[in-house]
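Remarks on the structure that follows.
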Number of protein chains: 2
Amino acid sequence: MTKSESSASSALPDADQQAANFKRVREAHQSEVAEDYVELIADLINTTGEARAVDIARRLGVAHATAVKTIARLQREGLVSSQPYRAVFLTEKGRELAVHSKRRHEIVVDFLRAIGISEKTAQRDAEGIEHHVSEETLAAFERVIRAESLAKKPRPTLADSAKEK
Amino acid sequence: MTKSESSASSALPDADQQAANFKRVREAHQSEVAEDYVELIADLINTTGEARAVDIARRLGVAHATAVKTIARLQREGLVSSQPYRAVFLTEKGRELAVHSKRRHEIVVDFLRAIGISEKTAQRDAEGIEHHVSEETLAAFERVIRAESLAKKPRPTLADSAKEK
DNA sequence: TACATTTTATAGCCCGTGCTATATTATTTA
DNA sequence: TAAATAATATAGCACGGGCTATAAAATGTA
């Protein structure tokens, strides 16, 4: 153990542990953009038939050039395939990531709704939260969703006490 | 309404709304680093008496140079004050941000514990989640925490059904 | 006091993600 | 088919936040 550890009187968690947590978040952020893109691309393909750069840019709220550049990176990483002046497609890898991302997203939204969050806020917060939920927490979210939907009629429970502001 | 909107058969949310949500997350990320720093700096000052660049770097898991550079930015933004070769201090603004960040962090951790997440995972996930919870969601989290702590002895409820895997 | 060690700072690099402005290619329409 | 419009690509710039390597100051110790 180094000196920086021995000093803390209390409160502070283990330094290596803490560093690892911060690192995890930083790395997660790396894949956030990728997840947002493939999820959106999948949605666009499903609803409109194809994912064009313009629409991607519009829905992400960035300039075309930015979207195009990022799409190029995603292609480098094997998540997406696209030819010049044509729409964007997902590779098998990209499709898998999209499915997982979408699942997470929906669980988080459902969960937030279940604890009484308004639709709008649920959508907003989920967008940021979804990338940082572990499988363990995701499973807990699902249990809460189940428990709330079961308890809906029978008798007042957590969701209700949460709803009454 | 533009053409990109008229086509969607269903599923896709309003484009502007979605763009706004993504933008919010991107901007949030801007302040994440700042929040992490001031929160950590406050903790270091409280427990060890001062916040030195080395310790900040160690606990964040980054190189010294990176920490120093970021500290310089925080100083530019008026969150921190530091003189060459001396420890780092929080400005009033920085202290406020630290307090708020710490509060959020703790609510998130308590909340995750309340729904049955292990200590380790609670710490991990909170680190990523805390920056993305709105006041509305934070309030709901607090209600859940309260509800769970009250229901602890009386009779089995959500927390228990969540714990039994 | 002088030397060694620690801490801090700086320089220079890379990458990712923004942006605007300017081609270039497709597509639509006259 | 030719011209106008829309979509895409590319170039060039900025910034944040990583990194390593190197220099300078502060601190501890022989």
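Just so it is clear: chains get the letters A, B, ... in the order the sequence lines come, proteins before strands, and each one is counted from 1.
Checking Ala87(A) against Pro84(B), the closest nucleotide of DNA chain D that is more toward the 5' end is the one next to Ala87(A).
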Practice problem: Determine, for nucleotides 11-21 of chain C in 5'-to-3' order, which nucleotides have protein heavy atoms under 4.0 Å from the base (write B), from only the sugar-phosphate (write S), or from neither (write -). | Solution: BB---SBBBB-
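Taking the charged nitrogens against the carboxylate oxygens, Glu142(A) and Arg146(A) have no contact shorter than 4.0 Å, which rules out a salt bridge. Salt-bridge annotation for Glu119(B) and Arg113(B): present, with a side-chain N of the basic residue lying under 4.0 Å from a carboxylate O of the acidic one. In summary, Arg95(B) and Glu92(B) engage in a salt bridge, as defined by a charged side-chain N under 4.0 Å from a carboxylate O.
Rounded to a whole Å, the CZ atom of Phe89(B) is 12 Å from the P atom of dT8(C). Atom CD of Glu35(B) is separated from atom P of dG17(D) by 13 Å (rounded to the nearest Å). The nearest whole Å value for the distance from the CD atom in Glu32(A) to the C1' atom in dG17(D) is 15 Å. The distance from atom CD1 of Ile56(A) to atom P of dT8(D) is 8 Å, rounded to the nearest whole Å. dT24(C) atom C1' lies 18 Å from atom CZ of Arg86(A), rounded to whole Å. Glu50(B) places its CD atom 13 Å from the C1' atom of dT8(C), with the value rounded to the nearest Å. The CD-P distance, from Gln83(A) to dT25(C), rounds to 16 Å in whole Å. Rounded to whole Å, atom P of dG17(D) lies 16 Å from atom CD of Glu27(A).
Applying side-chain hydrogen bond (donor to acceptor under 3.5 Å, both in side chains) to Asp36(A) and the options His131(A), Arg59(A), His105(A) leaves one that passes, His131(A). Applying the salt bridge (Lys or Arg N to Asp or Glu O under 4.0 Å) test between Arg104(B) and each of Glu39(B), Glu135(B), Glu32(B), Glu130(B) identifies Glu135(B) as the sole match.
Using modelled atom types, one finds a donor on one side chain and an acceptor on the other under 3.5 Å when comparing Gln75(B) with Ser82(B).
Over its full length, the helix from dT1(C)-dA30(D) to dA30(C)-dT1(D) turns its helical axis through 0°, comparing axes from the five pairs at each end and rounding to 10°.
Between the side chain of Glu136(B) and the backbone N or O of Ser118(A) there is at least one donor-acceptor pair closer than 3.5 Å. Using a distance-only test at 3.5 Å, with no hydrogens or angles considered, no donor-acceptor pair links the side chain of Thr121(B) to the main chain of Ile117(B). Side chain of Thr66(A) to main chain of Val62(A): no donor-acceptor pair is present (N/O by atom type, distance under 3.5 Å, no hydrogens or angles).
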